[in-house]
Colleague: 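One structure, as structure tokens, below. Some questions next.
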Amino acid sequence: LVSAPRGKKESFSETLLRFSSPRGFMTSTPKMTHQMNVMRVFAFLAVAPSVWSVGQCDANGQCTVKGGIKDGDWWRKELNSAQPECKDIDPQNTGTCHQWTVKLDPGAVERVREIKQTLNDYIMTTEQVALKSRVLSWNDPMDELYLSAPKNVQGSDRVFVTPHIDGFVGWIPFMRAWRCVYGLTGPHDTVTIQPMRNPDEREVTLGPGVFTCFDYNREIHWIENRPNNATGAHADERMVLKIHFYEYPAVLGSFLGNAFGALNANYNFLARRAFLVSQFPDRSVVSRLVARAINGITLFGGSFEVVYGYCNMGIVAAAALAVKFNLHDLIFWAGSLHLVVCLLAVVFRSTPLGVVIRDAVALNATSLVLLATGYLKAQASKFDLGSHVVTAVGFGLAGSAYASLGADLTYFGAQLAPGTLAGSTVSSSFFPYSAVSHPMTLGSVVGLLGLRLHPVFGPKFHSAFLAQSLLHVALLAAEVFDVHLPAGADYFSMYADFAQYHQSAANVYAHLLTTGVSLVGVFGLLNLALAGSSPASGKASSAAGSKGGKEAAPSANLPLLALSLSWIGVRYTVPDDDVAHGTVALAAVLATLAWAFKPTKKQSLGLVVGGALGQEIAHALAGEGTYMAAYASEALSAGAAAVPKPGALVTFLLHNVWLVPFEIRAAVNTLAAQLTPSMAPGTV
């Protein structure tokens, strides 16, 4: 990326990046036409013996590096040779030290390239590359050889032991930059913390050949120094390679993709300079001020992401704006989101446990704050002792159950992370499990019942009480009966089957259009259902039709509500970021159309039926069978007794849940093959 091959014109973004680099540039770079990929979660894996071919990784992610990896002493000599300033500035070797890999000796550059090829191959091997139509590119200017200093908590070095996100452009959709940290030395006392992962990946010691990769702009992490005096082993320095890639949808083209890569690289240069300026705050006023600014921003931004999450903030904010901050309507729409998160996580099981815990705890806290605000206000106006006692007993029981289980087991770690928590249980001798079965669910429902019993708060809370109670029961049933997607019914496997019946470009585009028509009708019906009613009252407005036949205004803004609910839905059901972003955007746009044009009930039903008929016509004109007909025919194994198999029923349900994501993915793949054939799935 940094410099163009000889005899070949470089792109604008390449020129921009080369001239903005403060450390110069390479005279040659690795081949840049690599297959695409997007990573949601990266596992850390030890490197296998080095006798295999370059960058070879098997289906389980076991990889090798051509020629193996050099030992720690070799890398230390390289760092000291390429960056003598570290010894001059920090003779006691107490702070961090780094050097861009493009500045290393040619032999070290080649070693880095082989390791990077392995990481590239790991990503390509373990992810659904062909189905996502994305482009993976190497961001060489960001790569660095790095000596960490987790014991130094002064100046900008404090950032690394504070929960932080490396980049700042995670708000740009469809684009992803990522950093892979590859261990070179060990054993050492430095642990990398990644709280949003499953338990076996949350704490990683990056010894030689062990690596972890994460989203440079989105995933929270930090390092800690944990001396292990019990082993008596020599605590080595922690030296790692920080390797970088960026990826983007092929349909966006290389100009936007490379510009995104350049944006991340230039920010990384700026951040590194700021860190170096403020590494030792006791040496100058400027260094002290810069260090305080960096640490303050990091502390606030990182802490908020760990505790609450920016996506959760957006989801709750959209719901609040949709109901114009009406407390009781917000309790209904946002107060149940933590239960929706848990139910979707248990059934679909496509989200790391760390994310589930953070989201569920944050949204549960939001629900409790909303409930407490409304209930205490009602108690202030009319105190009710019976309601107060029932509420305290119920939520106290649920709280004691949480204390016995801990966060991992409370939020279904045994189901979501079976490799590490499948055998984990709480002893039946511990209260409240020694006294009652399923105290978490029982206590929560009893606590909600106590709120409902209040004479002032209760009637306004009625709809939310029913909704949350039903969700608690559904969640208990999913846990007891182990309800989850069966083998072969995952998102990508079903999409592969779906795609067989959507090969024609005309059929693919027609499907997306006709489904959109039907969804406008569905949103039109929802808009009518919201008109003149409120979850807080549960009654239709008497003003509807009283003056000139005018319809009552909806109690909630449909586009914002669609944005909030579709956002929370795709986070736990669609493990395909491009499609997830597209689904949320499409839902908001179609809901806006229904909101603006306000179709009547007959018009909405007509749109639903018309869209469905349009899909059948599209299949007929394209000469392609339907996916539904294919799995429905398999359900008729009993001859005249047309009783669907359980597998067919599950497929039917998932087909409808994933219909829009499947159609968006098919359209993106088709468009990518037409506009950028050189980047079509399966090419290198």
Side-chain angles (χ1 to χ4, degrees), residues 42-52 57 60-83 86-87 90 92-99 101 104 108 111-112 114-116 118-119 122 143-154 157-164 179-195 197-214 219 221-243 354 419-420:
F42 298 100
F44 58 92
L45 296 167
V47 174
S50 60
V51 295
W52 296 353
C57 294
N60 296 320
Q62 294 289 345
C63 304
T64 184
V65 177
K66 182 181 178 182
I69 60 173
K70 299 292 186 180
D71 60 25
D73 290 336
W74 189 89
W75 288 104
R76 282 190 200 90
K77 292 178 181 178
E78 285 296 324
L79 181 61
N80 292 333
S81 173
Q83 189 64 288
C86 286
K87 285 294 182 183
D90 183 22
Q92 283 76 36
N93 197 28
T94 59
T96 60
C97 180
H98 92 106
Q99 179 57 289
T101 59
L104 299 177
R111 291 285 87 225
V112 172
E114 299 296 353
I115 292 173
K116 189 163 188 173
T118 297
L119 297 173
Y122 169 74
D143 297 345
E144 57 184 297
L145 177 60
Y146 183 81
L147 175 66
S148 64
K151 291 180 286 187
N152 184 32
V153 294
Q154 303 299 318
D157 278 348
R158 187 173 183 177
V159 165
F160 304 109
V161 298
T162 303
H164 66 278
R179 168 172 282 175
C180 295
V181 185
Y182 191 95
L184 299 173
T185 59
H188 53 74
D189 299 330
T190 304
V191 178
T192 301
I193 312 297
Q194 303 168 115
R197 305 290 184 93
N198 284 328
D200 58 336
E201 300 176 13
R202 289 178 188 163
E203 298 186 358
V204 188
T205 300
L206 298 176
V210 181
F211 63 91
T212 182
C213 299
F214 48 85
E219 187 168 351
H221 61 280
W222 66 93
I223 60 175
E224 293 182 4
N225 181 58
R226 296 183 181 175
N228 186 5
N229 297 324
T231 63
H234 169 64
D236 203 352
E237 296 174 320
R238 178 187 184 257
M239 188 173 293
V240 297
L241 283 171
K242 293 185 177 181
I243 303 297
T420 53

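Only this structure's heavy atoms are used, side chains among them; waters, hydrogens and symmetry mates stay out. This chain uses plain numbering: 1 for the first residue, then up along the sequence. Please read these numbers as outputs of a predicted model, since none were measured by experiment.
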Colleague: Kindly indicate whether the side chain of T212, heavy atoms from C-beta on, has any atom under 4.5 Å from the side chain of R197.
Modeller: yes
Colleague: For E78, which residues count as a side-chain hydrogen bond (donor to acceptor under 3.5 Å, both in side chains) partner, sequence neighbours excluded?
Modeller: none
Colleague: Under 30°, 30 to 60°, or over 60°: which ring-plane class applies to F211 and Y182, parallel, tilted or perpendicular?
Modeller: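 Parallel.
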Colleague: Test of understanding: with side-chain contact (heavy atoms from CB on, under 4.5 Å), list the residues that count as partners of P199, not counting sequence neighbours.
Modeller: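 Result, side-chain contact (heavy atoms from CB on, under 4.5 Å) vs P199: R202, L353, D408, A417, T420, L421.
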Colleague: Evaluate side chain to side chain contact (heavy atoms under 4.5 Å, CB included) for V161 paired with E224, printing each intermediate quantity in order.
Modeller: CA-CA 6 Å; V161 298; E224 293 182 4; 5.9 Å; no
Colleague: Check this for me: does any side-chain nitrogen of one of D143 and K242 sit under 4.0 Å from a carboxylate oxygen of the other?
Modeller: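 No salt bridge links D143 with K242.
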Colleague: Answer whether the closest heavy-atom distance between the side chains of F214 and Q194 falls below 4.5 Å.
Modeller: yes
Colleague: For side chain to side chain contact (heavy atoms under 4.5 Å, CB included), just list the numbers for T205 and T190, CA-CA rounded to whole Å, side-chain angles, deciding distance to a tenth of an Å, and then say yes or no.
Modeller: CA-CA 6 Å; T205 300; T190 304; over 6 Å; no
Colleague: Which atoms form the tightest heavy-atom contact between I115 and L184, and what is the distance?
Modeller: CD1-CD2, 4.4 Å
Colleague: Quick one, T118 with K116, criterion side chain to side chain contact (heavy atoms under 4.5 Å, CB included). Give me CA distance, side-chain angles, the key distance, then yes/no.
Modeller: CA-CA 5 Å; T118 297; K116 189 163 188 173; over 6 Å; no
Colleague: What distance do D71 atom CG and K77 atom NZ have between them, rounded to the nearest 0.5 Å?
Modeller: 8.5 Å
Colleague: Would I193 and W222 satisfy side chain to side chain contact (heavy atoms under 4.5 Å, CB included), going step by step from the backbone distance to the final call?
Modeller: CA-CA 5 Å; I193 312 297; W222 66 93; 3.4 Å; yes
Colleague: What are the two closest non-hydrogen atoms of C180 and L119, and how far apart are they?
Modeller: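 Looking at all heavy atoms of both residues, the closest pair is CB-CD1, 3.6 Å.
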Colleague: Quick one: pull up CZ in R76 and OG1 in T185 and give me the separation to the nearest 0.5 Å.
Modeller: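 R76 CZ to T185 OG1: 6.0 Å, rounded to 0.5 Å.
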Colleague: Enter the distance from L241:CG to R111:CZ here, rounded to the nearest 0.5 Å.
Modeller: 11.0 Å
Colleague: For H164 and T162, indicate whether the former's side chain and the latter's backbone hold a donor-acceptor pair under 3.5 Å.
Modeller: yes
Colleague: Write down the atom of L79, the atom of M239, and the distance for their closest heavy-atom approach.
Modeller: CD2-CE, 3.9 Å
Colleague: If you look at every heavy atom in L145 and T101, which pair is closest and at what distance?
Modeller: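 Reported closest heavy-atom pair: N-CG2, 3.8 Å.
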Colleague: At their closest point, which heavy atom of R238 faces which heavy atom of L147, and how far apart are they?
Modeller: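 Smallest interatomic distance, heavy atoms only, reads O-CD1, 3.5 Å.
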Colleague: Within the structure provided, determine whether V181 and L206 are in side-chain contact (heavy-atom separation under 4.5 Å).
Modeller: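 Result yes, sub-4.5 Å side-chain heavy-atom pair found.
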Colleague: With a 3.5 Å distance limit and no angle check, can you tell me whether E203 reaches the backbone of V191 through a side-chain donor-acceptor pair?
Modeller: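 Side chain of E203 to backbone of V191, a donor-acceptor pair under 3.5 Å: no, none is there.
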